[in-house]
**Student:** 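Pasting a structure here, questions to come.
The chain is numbered in sequence order, starting from 1.
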Amino acid sequence: MVIDLLNKYQSENRKEIQIISIEDLVPKEHILRDIDRAINFDFIYDEVKDMYSADTGRPSIDPVVLFKIVLIQYTFGIRSMRQTIKEIEVNMAYRWFLGYGMTDKIPHFSTFGKNYVRRFAGTDIFEKIFEHILFEAVKCKFVDASAVFIDATHIKASANKKKAVNEVIKVEAKHYHNELMAEIEKDRENHGKKPLKNKDDEEPPTKNIKKSTTDPDCGLFHKGEHKVEFAYTAHTACDKHNFILDVDISAGNVHDSVMFDGLYKNVLTKFPEIEMVAIDSGYKTPWIMKQIFDSNRLATTPYKRPMTKKGFFKKYEYVYDEFYDCIICPENQVLSYSTTNRDGYREYKSKAYQCKDCPSRYKCTESKDFVKVVTMHVWDDYMELAEDVRHSPKGKEIYALRSQTIERIFADAKEKHFMRYTQFRGMAKVKMQVMLTFACMNLKKLAKWKKKNGLLPSILLHSFSKTLNFIEKLMRYQKITFSIPHLSTVCSHVMAFSP
């Protein structure tokens, strides 16, 4: 009897009619309320105005609404656009954020995909949205780029590892090849050596790679204990406060250090106030150290284990004598300069008659001619500078923040924003996914920090501002010739009085 009454009561509640606004159905502390007040999305109109026809075709969906739908998907980590539309249909907070009523029809899930193909593909609209949100954080002085953290994470591609073909490709020369060769020739000249023979006319070396037939842009990722799989890599830079400053995308088989140059130059251009760059051991190469120190910044890196065989002397046990330009081995024998090879390494060789009967030879060399060769890069001084910074108090302090900054960003992106797997195929679409994910992460932090610091406009003034903007848009879309004088100016002045 009680169960029957309860069921009847619940059934009646479902049929209950109340007069209530969608505004009342959105919780006061909902993150979308803070986001809506934290940033004015009308800047999107100016960015896309050249992508829409003013005179032909049917009326299009408001571009701000279109991008807000995408922002909802990436902010809340919804796995697909189809699922996003289903969520918007039943979620009052999402409808409120888009400006849709309870009964308004939500656009079809294919709408954004069609707009991407027809309008947004090949443009920088997603980078501009990312930069606008970041600039808003900079304007509020939330970004602290005195120390920058750079790292990379892989994103599993939508490609079967078994559906691949072997392909032979040419090995491209290092992008700093000319600079390195100039340094090598200078070093050889200083040591009285002849210039190296020019091999530019020779055929470049080749290598075999596995290429996916499903998504040719991705690459086979294999690193440490990770599972071998087709993937993309997101090379990312962030500040002390976990604001993402820039990101670049590559195939999963491209080494992290290869993509460092472009990312570092872009970040340095945007934030010249950088003092220290925290990077992991994958970036600890002579060329990268040279770049950072030559730009008058400091590089803080981890300890990198010497790559020597177990039971053999470590490289640091061979001491370099700068005055005599030679190396002293652990048995106090001299290894003299021999040559500087094409890879930029100076070779120091021992004398066979000294090593032949050496009691420590079994821990030194397995060479058949009893000659030990120790190499030093022409830019090895920069590696030594990195070691000095690594041991400094400031270097230790900044590097210890990596677990709270760049590594935390990757963890949040994969666990909370569905970035563990790619939703698309092709480099351009994957870059769009990553860029929008990071833009939304910056947007959430921006809204929370503005609220925390009392920088959000009051609800009353914000509503007034939105009303004025709506009137302005209505006149523009309806092609009304008259206008309210200085409407946007009035709006900005009103907003200035907001606490």
Side-chain angles (χ1 to χ4, degrees), residues 21-23 25-26 30-33 35-36 39-130 132-133 417-419 422-426 428-437 439-440 443-444 466-467 469-479:
S21 70
I22 195 170
E23 180 77 27
L25 295 174
V26 182
H30 200 286
I31 184 64
L32 286 180
R33 285 190 179 273
I35 290 174
D36 191 57
I39 194 166
N40 185 357
F41 290 98
D42 286 352
F43 75 91
I44 294 175
Y45 292 121
D46 295 329
E47 301 294 349
V48 301
K49 62 183 179 182
D50 296 331
M51 303 176 190
Y52 287 80
S53 174
D55 303 317
T56 60
R58 294 178 298 174
S60 61
I61 295 173
D62 186 341
V64 170
V65 171
L66 193 62
F67 278 97
K68 277 187 174 182
I69 291 174
V70 181
L71 292 177
I72 287 174
Q73 178 185 355
Y74 287 97
T75 298
F76 296 99
I78 305 174
R79 66 177 183 271
S80 67
M81 182 56 69
R82 186 191 296 261
Q83 185 63 32
T84 302
I85 297 302
K86 290 180 179 179
E87 295 287 340
I88 293 172
E89 287 174 346
V90 299
N91 191 309
M92 291 299 109
Y94 295 170
R95 283 180 172 269
W96 174 89
F97 183 63
L98 298 176
Y100 278 30
M102 297 183 191
T103 58
D104 288 339
K105 186 177 180 181
I106 307 300
H108 193 265
F109 68 84
S110 64
T111 303
F112 180 78
K114 291 177 180 177
N115 275 270
Y116 175 84
V117 172
R118 297 169 184 171
R119 293 188 174 97
F120 308 140
T123 69
D124 60 349
I125 179 63
F126 305 106
E127 287 87 344
K128 287 180 177 178
I129 291 174
F130 173 87
H132 187 92
I133 294 169
H417 298 272
F418 211 76
M419 207 182 79
T422 61
Q423 299 177 15
F424 308 99
R425 291 170 181 164
K429 289 185 177 181
V430 172
K431 186 171 184 178
M432 175 198 73
Q433 175 190 345
V434 175
M435 194 68 72
L436 286 172
T437 300
C440 289
L443 183 58
K444 285 172 66 177
K466 292 186 74 173
T467 303
N469 287 334
F470 173 75
I471 295 171
E472 199 169 38
K473 283 191 292 183
L474 185 63
M475 291 190 299
R476 181 167 64 243
Y477 278 101
Q478 295 299 324
K479 300 179 182 178

**Student:** Start with the C-alpha distance between Met102 and Leu25, add both sets of side-chain angles, then the distance that settles side chain to side chain contact (heavy atoms under 4.5 Å, CB included), and finish with yes or no.
**Tutor:** CA-CA 10 Å; Met102 297 183 191; Leu25 295 174; 3.3 Å; yes

**Student:** Just verifying a value: how many Å separate Lys49 NZ and Asp46 CG, rounded to the nearest 0.5 Å?
**Tutor:** 5.5 Å

**Student:** So is Lys431 actually on top of Phe126's ring, under 6.0 Å and inside 45° of the axis?
**Tutor:** no

**Student:** With side chains defined as the heavy atoms from C-beta onward, is the minimum distance between Trp96 and Ser21 less than 4.5 Å?
**Tutor:** no

**Student:** Taking C-beta and beyond as the side chain, do Phe130 and Asp124 meet within less than 4.5 Å on heavy atoms?
**Tutor:** no

**Student:** Could you tell me which residues satisfy side-chain contact (heavy atoms from CB on, under 4.5 Å) with Lys429, sequence neighbours excluded, listed by chain and number?
**Tutor:** Tyr116, Phe424

**Student:** By side-chain contact (heavy atoms from CB on, under 4.5 Å), which residues pair with Asn115, not counting sequence neighbours?
**Tutor:** Tyr52, Leu66, Thr111, Arg119, Phe120

**Student:** Among residues two or more places apart or on two chains, list those pairs meeting side-chain hydrogen bond (donor to acceptor under 3.5 Å, both in side chains) that have a residue in residues 86-95.
**Tutor:** Gln83-Glu87

**Student:** What I'd like to find out is whether the side chain of Phe76 reaches to under 4.5 Å of the side chain of Leu32, using heavy atoms alone.
**Tutor:** yes

**Student:** Hey, could you give me the CG/CD distance between Leu436 and Glu127, rounded to the nearest 0.5 Å?
**Tutor:** 9.0 Å

**Student:** Could you walk me through whether Phe112 and Val70 satisfy the side chain to side chain contact (heavy atoms under 4.5 Å, CB included) test, starting with their C-alpha distance in whole Å, then the side-chain angles of each, then the deciding distance to 0.1 Å, before giving a yes or no?
**Tutor:** CA-CA 8 Å; Phe112 180 78; Val70 181; 3.4 Å; yes

**Student:** After noting the C-alpha distance and the side-chain angles of Tyr100 and Val65, does the key distance pass the side chain to side chain contact (heavy atoms under 4.5 Å, CB included) rule?
**Tutor:** CA-CA 9 Å; Tyr100 278 30; Val65 171; 3.5 Å; yes

**Student:** Quick check for you: to the nearest 0.5 Å, what is the distance between Ile39 atom CD1 and Ile35 atom CD1?
**Tutor:** 10.0 Å

**Student:** Which atom pair, heavy atoms only, marks the closest approach of Met81 to Ile69?
**Tutor:** SD-CG2, 3.7 Å

**Student:** Is any side-chain heavy atom of Ile129 closer than 4.5 Å to a side-chain heavy atom of Phe43?
**Tutor:** yes

**Student:** Provide the closest heavy-atom pair for Ala93 versus Val26 in the form atom of the first, atom of the second, distance.
**Tutor:** CA-CG2, 3.8 Å

**Student:** Got a second to check how far Ile72's CD1 is from Ile85's CD1, nearest 0.5 Å?
**Tutor:** 8.5 Å

**Student:** Just by distance, do the side chain of His417 and the backbone of Met419 share a donor-acceptor pair under 3.5 Å?
**Tutor:** no

**Student:** Taking side-chain contact (heavy atoms from CB on, under 4.5 Å) as the test, write out the residues that go with Thr103, two or more places apart.
**Tutor:** none

**Student:** Can you name the nearest heavy-atom pair linking Ile133 to Ala439, along with the distance?
**Tutor:** CD1-O, 3.7 Å

**Student:** Once side-chain hydrogen bond (donor to acceptor under 3.5 Å, both in side chains) is applied, what residue pairs with a partner in residues 73-82 remain, sequence neighbours excluded?
**Tutor:** Gln73-Gln423

**Student:** Say whether, by atom type as modelled, one donor and one acceptor occur between the side chain of Lys68 and the main chain of Phe97 under 3.5 angstrom.
**Tutor:** yes

**Student:** If the condition is side-chain contact (heavy atoms from CB on, under 4.5 Å), which residues does Lys114 pass it with, not counting sequence neighbours?
**Tutor:** Ser110, Arg118

**Student:** Are Val48 and Phe67 packed together at the side-chain level, in the sense that at least one heavy-atom pair is separated by less than 4.5 angstrom?
**Tutor:** yes

**Student:** Decide yes or no for Arg33 and Glu23: does some side-chain heavy atom of the first lie under 4.5 Å from some side-chain heavy atom of the second?
**Tutor:** yes

